[in-house]
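One structure is given here, and the rest of the page talks about it.
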Amino acid sequence: MGTPLLMHTMKVTFEIHYNTHWGETVALALGGRKYPMEWNDGGLWKVTVEARAEDLEKYGYVLLRDGLVARMEWSDHSAQLPAGAKKTPVISDSWIECPIPDCPFVRQHTAARFDAPGFRGAGVVIPVFSLRGARDFGIGEFNDLRAVVDWAAKLGLCVIQLLPVTDTTRHGGWEDSYPYSPVSSFALHPMYINLQDAGVKEDSSFKKTQAALNALPQVDYPRVFKEKMALLRKAFAANGKRDMSKPEFMAFCKANGKTWMNEYAGFCAKRDGDSPDFWRWVQWHLDRQFGAVVDYARSKGVHFKGDLPIGVSADSADAYFHPELFNLDSMAGAPPDFFSKDGQCWGFPTYNWDEMAKDDYAWWKARLRHMARYFDAFRIDHILGFFRIWEIPAEKGKGLYGHFNPALSYSEDEIKAMYLPFDGLFNPDPRNENMWQPRISPDTSALEWWQKQRFDGLYDDFFYHRNEGLWRRNALRKLPELLRETGMLACGEDLGMVPACVNGVMSELGILSLEMAMMDKGRPWPVLSVCATSSHDMDTLRMQYARSHDGNDMPVEEVRASFQAHFGSASMLAIFPMQDYLALSPELRSPDFMSERINEPSDPHHHWCYRLHLDAAALCGADALNAEISGLLEMSGRA
């Protein structure tokens, strides 16, 4: 006989005291949704909702101002449904304030050290695919991170930042090496699995292929993919039935099946003509391997920082099963900037934010909850996309033909009233009929002097002033909703053509900015920031030096001076690429430093194939380098 529904869900009244001002209301945040509450005498806010037992494990309250989340509680509440209740139970709560004096954050973080007064830390950035280990198969694997954890813990580094680790598989070619174009926002990448731990036998054929792939100076992505997937399918045929009968496997499927895994497994099976169970089995092994390393890192006081790609591919499981969440007629990108003079077109669709708002951004919240399984901090790739996105019509395919979405575009009458021509100066706004936006790279050569003066004023107003209020409100519709869902420390990649409102919103929400000397923002680096010597999209320190010193290599003392300047800055976190750490050692630095750049943003067909020239296990034994780094950390108070 089935269990009565009443034992799983019942009407519950929630109440909390909060003294609001005019225009403010309080809402209950429960089960990923917000429920407006009613004001009662004495500032008592109440609402009665249907609640499940699991919803009460984590819920809270938010203050709304003009419909937007204006304030959140420091942490969540937890309660239990009373057994055998005859009438609607009442749960009375008090607002949870931050207990830490002068804390700059609006929400408690999972890693308590980030909330400690005056905390200053440091870390390293390394893509998983770039690691080397004795048990690898031509590409870095999750298991290799254990050696990096040991090295970080020995030195006093507290953060290991990774590039995205989600699955990008399409056909196993070089296009799949691009980590910012996932086919799933949840599934881990099969390339990072350790074959031996997944049941692949180390026979003579395995060892021969392994030796050949590991000897390569870079990742041969297509070859590694072909070999790894063939061996995984053989292992599944031999061990899959046994593994899938294990309680751990069944628990993993139950926990993830409805939110993402059933869709992902079905999507991959349809693509490759095999069994969905194979993909569930692969994801289970990946979760076990990465999860074990994450637990190990946390036990050592080291935290992984993930990377949240701004986009998801049009040919992804997400878009296939939830097309309503995406604008499939457009592609996201960036206007011309430091990274590319012609702008960038990333090839994936923009988001239908209005549709996403209908269920309080449930897809995003599920994505962040899953990410928090592995990470205690995360980088929001192109955070500007939460304010506005550079949207390119699919048929154009080039960054120069883009427009901002959303934007306060100009009507035909406004433009005609200024006696300005349309050709060469304006593009139609596809999201707003009969509205126009100035081109990012206009042709003003045929204009009269007075027309050019008028257009220059209009151009400056549109790109730097007119939309600021709209873009600020647009970000505040989304970001507080998402930040409330996770205990990960949020860091925003805020480089490029940055609206003036971005800095204020990030500071208000406690999101760390990204600071680099080569991309000066015209202000001192704030405390709530991550400073870096370079990124995966830029030259390393030695490459930067060579380009301004006739190709000469950067002396160790110059590298040390750069580290001292960054470590000595006000930034809460200083996180540098592994290549720059190794540059401190004359013995361990790569002899071919011009090959250490990971990505060329201006090249949409770039091969992501960089690999360290040494085994990650060798890091702990690098006594001279480690003493150098430890000394720099101690002197700057970041150890």
Please check: side-chain N/O of [X] versus main-chain N/O of [Y], any donor-acceptor pairing under 3.5 Å?
| X | Y | result |
| --- | --- | --- |
| Thr486 | Met488 | yes |
| Asn405 | Trp390 | no |
| Arg638 | Leu157 | no |

Any side-chain heavy-atom pair of [X] and [Y] under 4.5 Å:
| X | Y | result |
| --- | --- | --- |
| Leu541 | Met554 | yes |
| Leu458 | Gln453 | no |
| Val502 | Arg472 | no |
| Phe375 | Asp307 | no |

Are more than 12 heavy atoms from other residues, nucleotides or ligands located less than 6.0 Å from atom [atom1] of [X]?
| X | atom1 | answer |
| --- | --- | --- |
| Glu395 | CD | yes |
| Asp102 | CG | no |
| His465 | NE2 | yes |
| Tyr401 | OH | no |
| Asp603 | CG | yes |

Are Lys305 and Asp376 within salt-bridge range, i.e. N to O under 4.0 Å?
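A salt bridge is absent here (no side-chain N lies under 4.0 Å from a carboxylate O).
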Does a side-chain N-to-carboxylate-O contact under 4.0 Å join Glu481 and Lys365?
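Looking at Glu481 and Lys365, the cut-off is met.
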Does [X] have its ring centroid less than 6.0 Å away from the ring centroid of [Y]?
| X | Y | value |
| --- | --- | --- |
| Tyr351 | Phe326 | yes |
| Phe114 | Phe119 | yes |
| Tyr178 | Trp346 | no |

Donor on one side chain, acceptor on other, [X] and [Y], under 3.5 Å:
| X | Y | result |
| --- | --- | --- |
| His606 | Glu600 | no |
| Glu263 | His322 | yes |
| Ser535 | Asp537 | no |
| Asn327 | Thr350 | yes |
| Arg71 | Tyr61 | no |
| His109 | Asp115 | yes |

Pairs of donor and acceptor atoms involving the side chains of residues 522-531, under 3.5 Å and at least two apart or interchain, shall be tabulated with distances.
unit_1: Arg523; atom_1: NH1; unit_2: Glu515; atom_2: OE2; d: 3.2
unit_1: Arg523; atom_1: NH2; unit_2: Glu515; atom_2: OE2; d: 2.9
unit_1: Ser529; atom_1: OG; unit_2: Pro526; atom_2: O; d: 2.6
unit_1: Ser529; atom_1: OG; unit_2: Ser571; atom_2: OG; d: 2.7

Just jot down the side-chain hydrogen bond (donor to acceptor under 3.5 Å, both in side chains) partners of Glu175, sequence neighbours excluded, or say none.
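Partners of Glu175 under the side-chain hydrogen bond (donor to acceptor under 3.5 Å, both in side chains) test: none.
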Holding to side-chain hydrogen bond (donor to acceptor under 3.5 Å, both in side chains), I want the full list of residues that pass it with His189, two or more places apart in sequence or in another chain.
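His189 satisfies side-chain hydrogen bond (donor to acceptor under 3.5 Å, both in side chains) with Thr168, Tyr221 once adjacent residues are dropped.
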Are Arg431 and Phe404 in a cation-pi setup, meaning NZ or CZ lies under 6.0 angstrom from the ring centre and within 45 degrees of the ring axis?
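Here Arg431 fails the 6.0 Å and 45° test against Phe404.
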Can you confirm if the NZ or CZ of Lys478 lies within 45° of the ring axis of Trp364 and under 6.0 Å from the centre of its six-membered ring?
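Output no; distance or angle outside limits.
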Residue that, paired with Phe426, satisfies ring pair (Phe, Tyr, Trp, His ring centres under 6.0 Å) out of Phe455, Trp436, Tyr459
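Considering Phe455, Trp436, Tyr459, a ring pair (Phe, Tyr, Trp, His ring centres under 6.0 Å) with Phe426 is found only for Phe455.
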Measuring from atom OH of Tyr419 to atom CZ of Arg454, what distance do you get when rounded to the nearest 0.5 angstrom?
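Reported value, rounded in 0.5 Å steps: 8.0 Å.
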